[in-house]
Amino acid sequence: CILYRFGERALEAKQAILATLSSTDTREVTGKKRLQKILRLAKSAGYKIDADYSIRQFGPFSNDIAYGADLLAITGQIEEQERQLGAAGFFTTVYSLPHDTRSPIDVSSDFRDLIRFLDRYTTVELEVASTIGHFLDMDYELKKSVHKTKELKPSKTKGAILEKAKEIVEQITSSKEKVAQIRSTGS
């Protein structure tokens with residue numbers, strides 16, 4: 001069992017996926033895109049995750065996370081199912097920890113709280129927030145990060161979605177400050 005603490009070496013992509021799944025109330029994440037965005041936001045919050053991201057059509061994407069999820073599913077460490085969801089009946093990939101196994105990774109309560117906070121939002125809200133966060137991590141100011149995100153995602157950055165995304169970014173910024181403070185004190 002791996003324990004993730006602040007200030008230690010970065011979690012590999014596979015460990016980050018396991019930590020995320022073990023932190024949700026249901027021990028699952030619905031959607032490949034959702035998993036990508038949650039982990040990108042955790043990285044933006046200051047958690048050390050060894051995954052490189054680039055901007056793609058649906059926001060930040062990491063080959064490291066995609067490959068890690070595939071490897072975990074192939075080796076049976078996580079379950080990968082296609083479920084038909086919503087009124088339109090589209091199929092979506094659902095990643096989960098097997099129900100009969102103990103969580104393979106223990107995480108800090110702060111990490112678990114962040115993942116549970118993020119899990120309350122829609123995938124589109126996470127997509128917009130992770131895109132803003134990606135630009136913030138590239139040292140753009142908030143206003144410029146929002147502007148660049150609006151340019152990339154004009155149909156998704158309107159009204160309530162953008163407000164929810166800003167709410168997420170505000171929490172991520174607060175979490176990043178807490179993580180930095182904990183690392184500096186060595187706790």
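Small disclaimer: the values here were computed from a predicted structure and weren't measured.
- For the atom pair OG1 of Thr30 and CD of Gln81, the computed distance is 10.0 Å after rounding to the nearest 0.5 Å.
- One side chain, Arg40 or Ser44, offers a donor N or O that lies under 3.5 Å from an acceptor on the other.
- A heavy-atom distance below 4.5 Å is not found between the side chains of Ser155 and Lys153.
- Contact check on Asp119 versus Arg34 returns a salt bridge, with a Lys/Arg side-chain nitrogen under 4.0 Å from an Asp/Glu carboxylate oxygen.
- Counting only distance, with no hydrogens or angles, the side chain of Glu28 and the backbone of Tyr95 share no donor-acceptor pair below 3.5 Å.
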Would you please test Glu82 and Thr93 for side-chain hydrogen bond (donor to acceptor under 3.5 Å, both in side chains) and show each step?
CA-CA 5 Å; Glu82 294 295 317; Thr93 302; 2.5 Å; yes
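- Applying the side-chain contact (heavy atoms from CB on, under 4.5 Å) test between Thr149 and each of Val169, Thr131, Leu162 identifies Thr131 as the sole match.
- Counting heavy atoms from C-beta outward, Phe91 and Arg83 have side chains that stay 4.5 Å or more apart.
- The side-chain heavy atoms of Gln84 and Phe90, taken from C-beta on, include no pair separated by under 4.5 Å.
- No side-chain heavy atom of Asp64 sits under 4.5 Å from any side-chain heavy atom of Asp50.
- Nearest heavy-atom pair, Ile132 versus Ala165, reported as atom, atom and distance to 0.1 Å: CD1-CB, 4.4 Å.
- Separation of atoms CD (Glu167) and CZ (Phe117) is listed at 5.5 Å; rounding is to 0.5 Å.
- When atom types are taken as modelled, the side chain of Lys43 and the backbone of Ala51 share a donor-acceptor pair closer than 3.5 angstrom.
- Ion pairing of Lys14 with Asp70 is absent here, as no side-chain N (NZ or NE/NH1/NH2) approaches a carboxylate O to less than 4.0 Å.
- Using a 4.5 Å cut-off on side-chain heavy atoms (C-beta onward), Lys32 and Ile65 make no contact.
- Between Arg120 and Glu125 there is no salt bridge, since no side-chain N of the basic residue sits under 4.0 Å from a carboxylate O of the acidic one.
- The backbone N or O of Glu12 sits less than 3.5 Å from a side-chain atom of Gln15, completing a donor-acceptor pair.
- A continuous path of hydrophobic side-chain contacts links Ile49 to Ile78 [ILVMFWY only; heavy atoms under 4.5 Å].
- Put simply, Leu114 and Leu41 are part of the same group of oily side chains (I, L, V, M, F, W, Y) that touch within less than 4.5 Å, one to the next.
- Counting only heavy atoms from C-beta outward, the side chains of Arg27 and Ser96 never approach each other to under 4.5 Å.
- Judged by distance alone, the side chain of Arg112 and the main-chain N or O of Thr24 form no donor-acceptor pair under 3.5 Å.
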side-chain contact (heavy atoms from CB on, under 4.5 Å) assessment of Tyr47 paired with Leu39
CA-CA 9 Å; Tyr47 292 94; Leu39 283 166; over 6 Å; no
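- Residues His134 and Ser130 fail the side-chain proximity criterion, which asks for heavy atoms closer than 4.5 Å.
- For the residue pair Glu170 and Thr173, no side-chain donor N or O sits within less than 3.5 Å of a side-chain acceptor on the partner.
- The closest side-chain donor-acceptor pair between Gln36 and Ser62, if any, does not fall under 3.5 angstrom.
- Of all heavy-atom pairs between Glu127 and Gly59, the closest is OE2-N, 4.2 Å.
- Leu72 CG to Glu79 CD: the interatomic distance, rounded to the nearest 0.5 Å, is 12.5 Å.
- For the pair Phe111/Thr20, a side-chain contact is recorded, criterion being any heavy-atom separation below 4.5 Å from C-beta on.
- The 12-atom threshold is not exceeded at CD of Glu141, counting heavy atoms of other residues, nucleotides or ligands nearer than 6.0 Å.
- Val29 and Leu11 fall within the same hydrophobic cluster, where Ile, Leu, Val, Met, Phe, Trp and Tyr residues are linked whenever their side-chain heavy atoms come under 4.5 Å apart, directly or through other members.
- Of all non-hydrogen atoms in Lys33 and Lys156, the two that sit nearest each other are NZ-NZ, 4.1 Å.
- Note: Phe58 CZ to Leu152 CG = 13.0 Å, rounded to the nearest 0.5 Å.
- The two residues Leu35 and Ala69 come nearest to each other via the heavy atoms CD2-CB, 4.3 Å.
- Hydrophobic clustering places Val146 together with Ile161 (ILVMFWY residues linked when any side-chain heavy atoms are closer than 4.5 Å, directly or through intermediates).
- Taking both residues in full, the closest heavy atoms of Leu136 and Tyr140 are given as CD2-O, 3.4 Å, listed atom of the first, atom of the second, then distance.
- Side-chain heavy atoms closer than 4.5 Å link hydrophobic residues (I, L, V, M, F, W, Y) into clusters, and following such links, possibly through other members, connects Ile115 to Ile168.
- With rounding to the nearest 0.5 angstrom, the CZ atom of Arg116 is 10.0 Å from the OG atom of Ser109.
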